[in-house]
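Here the structure comes first, spelled out in structure tokens, and everything after it is commentary.
The chains referred to below are lettered A, B, ... by the order of the sequence lines, with proteins before strands, and numbering in each begins at 1.
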2 protein chains.
Amino acid sequence: MKESVTNCTVEEAMRLLGGRWRLLIVYFLLDGPRRFNELRRCVPGISQRMLTLDLRALEEAGLIKRTVFPTVPVTVEYQLTEDGKRLVPVVKVMQEFGKWLLEREEGEAP
Amino acid sequence: MKESVTNCTVEEAMRLLGGRWRLLIVYFLLDGPRRFNELRRCVPGISQRMLTLDLRALEEAGLIKRTVFPTVPVTVEYQLTEDGKRLVPVVKVMQEFGKWLLEREEGEAP
DNA sequence: CGGGATCCAGAATGATACTG
DNA sequence: CAGTATCATTCTGGATCCCG
């Protein structure tokens, strides 16, 4: 089972990005590096655990870079890598579609 | 200006499209209408149940249209609505990103 | 053919407590 | 501050049987 898929590029992308938070996290990294708790405040409703897990997944995929500054207490910064910048159009398009969705909802069922 | 709706737009979009199959189903509807079992064959590995559920969700969101032809046995066709065509850029961008992902994998882990 | 209904396994996510 | 560990809950997806 799970042999390589034929032409399922969309499936591959969704397997990595399809979670509830990942693209949202990336969204908040568009403007520059962010620290862990900074992201936690930005991303509405995410748990500490999921933030950790999703950051790890994105890091493992080479899309973000984790930098530890040996301050006291320690400071950790996350930022998009060059590869990660390939996510910019993905986020943008999702943002636009989501915006349209929300505006449509307002118009139909207030 | 509801700042309360900070940027749930990405979240909103992912809530609707974030599943494993939905964008993939939409992908196979880009070229035109498809019947149920036709989609089942196209979408690699999807179960009948999930195809039904996801088609329902997309229909409820007004993104696809379900048409029943009273043949014997019955024939059901699914197609993108005008609203659903807003998904075209979303699918395209996912497809491109997935393609890049797959090509990168090939290059790294032979 | 195109589903609906039910049951179930596993993955995804959340809550809470603890730590260097 | 930035996590880890553990447990609980919810969600996703598959298997199977049934029906008009």
Which of these nucleotides, D/dG3, C/dG2, D/dC1, is closest to any side-chain atom of A/T52?
-> D/dG3
Nearest-Å distance, CG (A/L51) to P (D/dC1)?
-> 14 Å
Keeping the roles fixed (side chain from B/T75, backbone from B/F69), state whether a donor-acceptor pair exists under 3.5 Å.
-> no
Taken to the nearest whole Å, CG/B/D54 to C1'/C/dG3 is 15 Å
Can you tell me if the side-chain N/O atoms of A/Y78 get under 4.0 Å from OP1 or OP2 in D/dG3?
-> yes
Flag, side chain of A/R66 to backbone of A/E59, donor-acceptor distance under 3.5 Å | no
Side-chain donor or acceptor of A/Q48 under 3.5 Å from a matching atom on the base of C/dA17?
-> yes
In whole angstrom, give the distance that lies between atom CZ of B/F36 and atom P of C/dG2.
-> 8 Å
Rounded distance in Å - CE (B/M50) to C1' (C/dA5) = 15 Å
Within this structure, what is the CZ-to-P distance between A/R41 and D/dA2, rounded to whole angstrom?
-> 9 Å
Look at all strands and tell whether A/R22 reaches a base, only sugar-phosphate, or nothing, counting heavy atoms closer than 4.0 Å.
-> nothing
Hey, does B/G18 reach any base, or is it just sugar-phosphate, or nothing, if we go heavy atoms under 4.0 Å?
-> nothing
A/V76, nearest nucleotide to its side chain (from C/dC1, C/dT13, D/dG3) | D/dG3
Only one of B/Q95, B/M94, B/R20 forms a side-chain contact (heavy atoms from CB on, under 4.5 Å) with A/E11, so which one is it?
-> B/R20
Side chain of B/R66 only, please: which of D/dA2, C/dG14, C/dG3 is the nearest?
-> C/dG3
A/E38 side-chain N/O to A/R35 backbone N/O, donor-acceptor pair under 3.5 Å | yes
Base, sugar-phosphate alone, or nothing: which one does A/F69 contact when heavy atoms must sit under 4.0 Å apart?
-> nothing
Want to settle it: does A/P73 or A/L53 sit nearer the 5' end of DNA chain C, counting the closest nucleotide to each?
-> A/L53
Rounded to whole angstroms, how far apart are CG on A/L39 and P on D/dA2?
-> 9 Å
Verify, without hydrogens or angle tests, whether B/R22 (side chain) and B/L16 (backbone) share a donor-acceptor contact under 3.5 angstrom.
-> yes
If only side-chain N and O atoms of A/R49 are considered, is one of them under 4.0 Å from the OP1 or OP2 phosphate oxygen of C/dT16?
-> no
Protein-nucleotide distance (B/W21, atom CH2; D/dG13, atom P), rounded to Å = 7 Å
Rounded to the nearest angstrom, tell me the gap between atom CZ in A/R56 and atom C1' in D/dA5.
-> 14 Å
For A/R40, report the nucleic acid contact type (base, sugar-phosphate, nothing); a contact means any heavy atom under 4.0 Å.
-> nothing
